[in-house]
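Here's the structure we're looking at; comments come further down.
Labels below follow one simple rule: chain letters A, B, ... track the order of the sequence lines, proteins then strands, and each chain is numbered from 1. All figures in this text were calculated on a predicted structure; none of them were measured in a lab.
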Amino acid sequence: MLKIYNTLTRKTEEFQTLEPGVVKMYVCGVTVYNDAHVGHAMSAIVFDIIRRYLEYRGYSVKHVMNYTDVDDKIINRANQLGEDPLTLSQRYIEDYARDLASLNVLPATSTPQVSKTMPLIIEFVQGLIQKEAAYAAPNGDVYFSVTSDDDYGKLSGRKLDDMQAGARIEVGEQKEHPMDFALWKAAKPGEISWDSPWGKGRPGWHIECSAMNLAELGEQIDIHGGGNDLIFPHHENEIAQTECYTGKDFARYWVHNGMLQLGGEKMSKSIGNIISIKEFLSKRSSDVMRMLVLNGTYRAPLMFNDETLDAAERNVERLKSALKPASPSASGLPADILSALTAAIETAKTSFTEAMDNDFNTAGAVAALFEFSKSINTARDNGATAEQITPAQDAFRELAGVLGLTLEEKKGSSEDEARVNALIEERNRARKEKNWARSDEIRDQLKEMGVTLEDSKDGTTWKWS
RNA sequence: GGCGUCGUGGCCAAGUGGUAAGGCAAGGGUCUGCAAAACCCUCAUUCACGGGUUCAAAUCCCGUCGACGCCUCCA
């Protein structure tokens, strides 16, 4: 039985879908105006793993990830560049999709955009006004009235009185209550805008997700996800809007990932301690990023530094070792060791599932894979044939795939590979003549080129390191 | 100030009432011409600190200290 920690109840609960066999999952995507960073990668990877695991468990997952393509920051940046805001955001949408693909994140089944949801957003706002949960201000802004919602604050555990005490809140002139938030913003001169019953304007941040949720998944969904920095105000406001509009409970499980930590602080644009996904992938593989996430707890802060990344890289190499082929000269396993390998397959699957069922305990699932790799490597060392070892490796690959690990070796250009092979041939001749000096010289040369050699009875293998 | 999450070996961490998973690093060994990889062995009587509940606590309760996140845009 799968259990999921629910931010709304602050408890780990049994997972039950609204509709049998189907999971409706909405994950807040990004505002597209700049290169995405590894913090975004963490969030995308977390929900990719959740999605993959739910599919592994037999669910059909409707995975919606939105793009915020209408926003102050986009408008500002477009002005700086002298570019149309929607052209700019479209460019970054395509860019982000490529980043996710390079991280082996499965594309969401649907990726709605604010700019393409305008009629429904306006309808949504009108509905809230009719229900007296919102009001239009004289200047053309529309605000949600937090005092109209008895439940307001239930997700983040805040009370309106406490929040008013905060010194940072400024009372907007147009607002009836300081915590009221914008559903619709009147356009400033020259700004991109859409026609509405309240004049030209554009949506506030939170309403878009409520509207796109409704459009893509309906009034009620199973999982709503995002970074834990979105709990307040974004998700709090989404719940308020949607539940006032539909009169029904919105999302069954609220799932939030922790923040990636760089130098003891959250990685974020406002702090400026950013490493872009592209920059990361120019130095490390996507598996390393994913392993970093897998080795931690998705809800907890994730330490991102050279030490944790080096460990993640070694972890990936360790898993890859399980997939090395059997020795061509293998003589076969004795019955007892073969049955141990067969048993290890079942043990691995069981441990893996038990861990993942416990609120996606990926660290435990990876531990199961480490144990499994040990069994496979032991079998190979003991002379397992390809036929004997393949079923275990297939199972291993399947489980690693559920976590989204590719376990692919790096590739170089064919010219480089030809050079490497030529050098290895020369080295093999030297080794035959026991010319160890020349042999080691070549090995050092290859190391300079980024090639690691492994000699064995069956010959020399190599890989890019 | 308010709300929330959390403090487990050198590092990353699992474990939430029954006597400390896993990985990295480190040390020793097998294998190897030497390496690399793999495999074997060693590596926390102890879970921030102080009380309490219990036959039994890292796990529950209270307090203290500390870290991080949110309260403004944020994955």
Report task. May I ask you to say what A:Met267 touches in the nucleic acid, namely base, sugar-phosphate or nothing, with a heavy-atom cut-off under 4.0 Å? Result -> base

Report task. Remember a base hit wins even if backbone is also touched, and classify A:Lys266 as base, sugar-phosphate or nothing at under 4.0 Å, heavy atoms. Result -> base

Requested in this report: Name the closest nucleotide to the A:Ala311 side chain, picking from B:C68, B:C24, B:A75.
Outcome: B:C24

Query - SB check A:Arg290 A:Asp48 (cutoff 4.0 Å) - result: yes

Query - Touch class at under 4.0 angstrom, heavy-atom based, for A:Asn377 against every strand present - result: sugar-phosphate

Query raised in the report: Quick one: do A:Arg438 and A:Glu441 make a salt bridge, cutoff under 4.0 Å?
Result: yes

Report task. Answer with base, sugar-phosphate or nothing: what part of the nucleic acid does A:Gln261 contact at a heavy-atom distance below 4.0 Å? Result -> sugar-phosphate

Query - Whole angstrom value for the distance that separates C1' of B:A75 from CD1 of A:Ile274 - result: 12 Å

Query raised in the report: NA contact type, A:Arg427, heavy-atom cut-off 4.0 Å: base, sugar-phosphate, or nothing?
Result: base

Report summary line: Any strand, both distances under 3.5 Å, Watson-Crick or G-U wobble: B:U64 pairs with B:A48

Query raised in the report: Any idea which of B:C68, B:A75, B:A35 is nearest the A:Met42 side chain?
Result: B:A75

Report task. Answer with base, sugar-phosphate or nothing: what part of the nucleic acid does A:Gly39 contact at a heavy-atom distance below 4.0 Å? Result -> base

Query raised in the report: Any ion pair linking A:Glu191 and A:Lys185 (charged N to carboxylate O, less than 4.0 Å)?
Result: no

**Report entry** Nearest-neighbour nucleotide for the A:Asn358 side chain, B:G15, B:G33, B:A38 considered
**Finding:** B:G15

Query raised in the report: Charged N to carboxylate O below 4.0 Å: is that the case for A:Lys447 and A:Asp440?
Result: no

Query raised in the report: Among side-chain atoms of A:Ser193 and A:Arg202, is any donor-acceptor pair under 3.5 angstrom?
Result: no

Query raised in the report: Across the strands shown, which category fits A:Leu260 at heavy-atom distances under 4.0 angstrom: base, sugar-phosphate, nothing?
Result: base

Requested in this report: Using a cut-off of strictly less than 4.0 Å, decide whether A:Arg318 has a side-chain nitrogen or oxygen near OP1 or OP2 of B:A38.
Outcome: yes

Query raised in the report: How would you label the contact of A:Arg443 with the nucleic acid (heavy atoms, under 4.0 Å): base, sugar-phosphate, or nothing?
Result: base

Query raised in the report: Does A:Asn361 have a side-chain nitrogen or oxygen under 4.0 Å from the phosphate oxygens OP1 or OP2 of B:G15?
Result: yes

Query raised in the report: Say you pick atom P in B:G29 and the same atom in B:A56; how far apart are they, in whole Å?
Result: 46 Å

**Report entry** Partner nucleotide, any strand, of B:A26 [Watson-Crick/G-U, under 3.5 Å]
**Finding:** B:U42

Query raised in the report: Across all strands shown, which nucleotide pairs with B:C70 by Watson-Crick or G-U wobble geometry, both distances under 3.5 Å?
Result: B:G2

Report task. Taking atom C1' in both B:G18 and B:C24, compute the distance separating them and give it to the nearest angstrom. Result -> 30 Å

Query raised in the report: Which word best sums up how the rings of A:Tyr253 and A:Phe15 line up, parallel for under 30°, tilted for 30 to 60°, or perpendicular for over 60°?
Result: tilted

Requested in this report: Answer yes or no: are there more than 12 heavy-atom neighbours, outside A:Lys278 itself, under 6.0 Å from its atom NZ?
Outcome: yes

Report summary line: Out of B:G69, B:C39, B:C71, minimum distance to the side chain of A:Glu265 belongs to B:G69

Report task. Please report, rounded to the nearest Å, how far the P atom of B:C41 is from the NZ atom of A:Lys374. Result -> 8 Å

Query raised in the report: When rounded to the nearest Å, what value does the distance between C1' atoms of B:A21 and B:C61 take?
Result: 28 Å

Query raised in the report: For A:Glu313, which contact category applies under a 4.0 Å heavy-atom criterion: base, sugar-phosphate, or nothing?
Result: nothing

**Report entry** B:U16 - base-pair partner by Watson-Crick or wobble geometry, distances under 3.5 Å
**Finding:** none

Query - Comparing A:Leu453 and A:Thr308 on RNA chain B - which has the more 5′ nearest nucleotide - result: A:Thr308

Query - Nearest-neighbour nucleotide for the A:Asn295 side chain, B:C12, B:A75, B:G4 considered - result: B:C12

Requested in this report: Identify whether any heavy atom of A:Gly29 sits under 4.0 Å from a base atom; if not, whether one sits that close to sugar-phosphate; answer base, sugar-phosphate or nothing.
Outcome: sugar-phosphate

Query raised in the report: Pick the nucleotide of RNA chain B nearest each of A:Ser373 and A:Phe370; which residue has the one closer to the 5' end?
Result: A:Phe370

Query - Over 12 non-hydrogen atoms of neighbours within 6.0 angstrom of CZ in A:Arg419 - result: no

Query raised in the report: With centres under 5.5 Å and planes under 30°, do A:Trp436 and B:G33 count as stacked?
Result: yes

Requested in this report: Check every strand shown and say whether A:Ser439 touches a base, only sugar-phosphate, or nothing at a heavy-atom separation below 4.0 Å.
Outcome: base

Query - Nearest-Å distance for atom pair NE2/P, residues A:His177 and B:C71 - result: 18 Å

Query raised in the report: Does a salt bridge link A:Lys62 with A:Glu216, judged by any charged N lying under 4.0 Å from a carboxylate O?
Result: no

**Report entry** Listed nucleotide nearest any side-chain atom of A:Arg158, set B:G15, B:C70, B:A75
**Finding:** B:C70

Query - A:Lys432 NZ - B:G33 P separation (whole Å) - result: 15 Å

Query raised in the report: Contact class for A:His234 (heavy atom, under 4.0 Å): base, sugar-phosphate, or nothing?
Result: nothing

Query raised in the report: Taking atom P in both B:A20 and B:G27, what distance in whole Å separates the two?
Result: 28 Å

Query raised in the report: The side chain of A:Glu307 lies closest to which of these nucleotides: B:C11, B:C34, B:A75?
Result: B:C11

Query raised in the report: Of all the choices, B:G15, B:C34, B:A75, which nucleotide is nearest to the side chain of A:Asp440 once you look at every atom?
Result: B:C34

Query - Who pairs with B:G9 - Watson-Crick or G-U, where each distance is under 3.5 Å - result: none

Query raised in the report: Would you find more than 12 non-hydrogen atoms of other residues, nucleotides or ligands less than 6.0 Å from A:Lys3 atom NZ?
Result: no

Report summary line: Applying the 3.5 Å cut-off to both distances, the Watson-Crick or G-U partner of B:U59 turns out to be none

Report summary line: Of the listed B:G15, B:A37, B:C39, the closest approach to the A:Glu454 side chain comes from B:A37

Requested in this report: Look at the side chain of A:Lys324 and decide which nucleotide, out of B:A75, B:C73, B:A37, has an atom nearest to it.
Outcome: B:A37

Report task. May I ask you to verify if any side-chain N or O of A:Lys463 is less than 4.0 angstrom from the OP1 or OP2 atom of B:A36? Result -> no

Query raised in the report: A:Asn257 side chain N/O closer than 4.0 Å to the phosphate oxygens (OP1, OP2) of B:A75?
Result: no

Query - Counterpart base for B:U32, defined by Watson-Crick or G-U wobble contacts under 3.5 Å - result: none

Requested in this report: Using only heavy-atom distances, decide whether a donor-acceptor pair under 3.5 angstrom links the side-chain of A:Asp71 to the base of B:C73.
Outcome: no

Report task. Decide yes or no, distance alone: a donor-acceptor N/O pair under 3.5 angstrom between the base of B:G4 and the side-chain of A:Thr7. Result -> no

Query - Value in whole Å for how far the C1' atom of B:C34 lies from CG of A:Asn435 - result: 13 Å

Query raised in the report: For B:A25, does either OP1 or OP2 sit under 4.0 Å from a side-chain N or O belonging to A:Arg314?
Result: yes

Query raised in the report: Which is true for A:Asn228 with a 4.0 Å heavy-atom rule: it touches a base, it touches only sugar-phosphate, or it touches nothing?
Result: sugar-phosphate

Query - Interatomic distance where CD belongs to A:Glu409 and C1' belongs to B:A36 [whole Å] - result: 14 Å

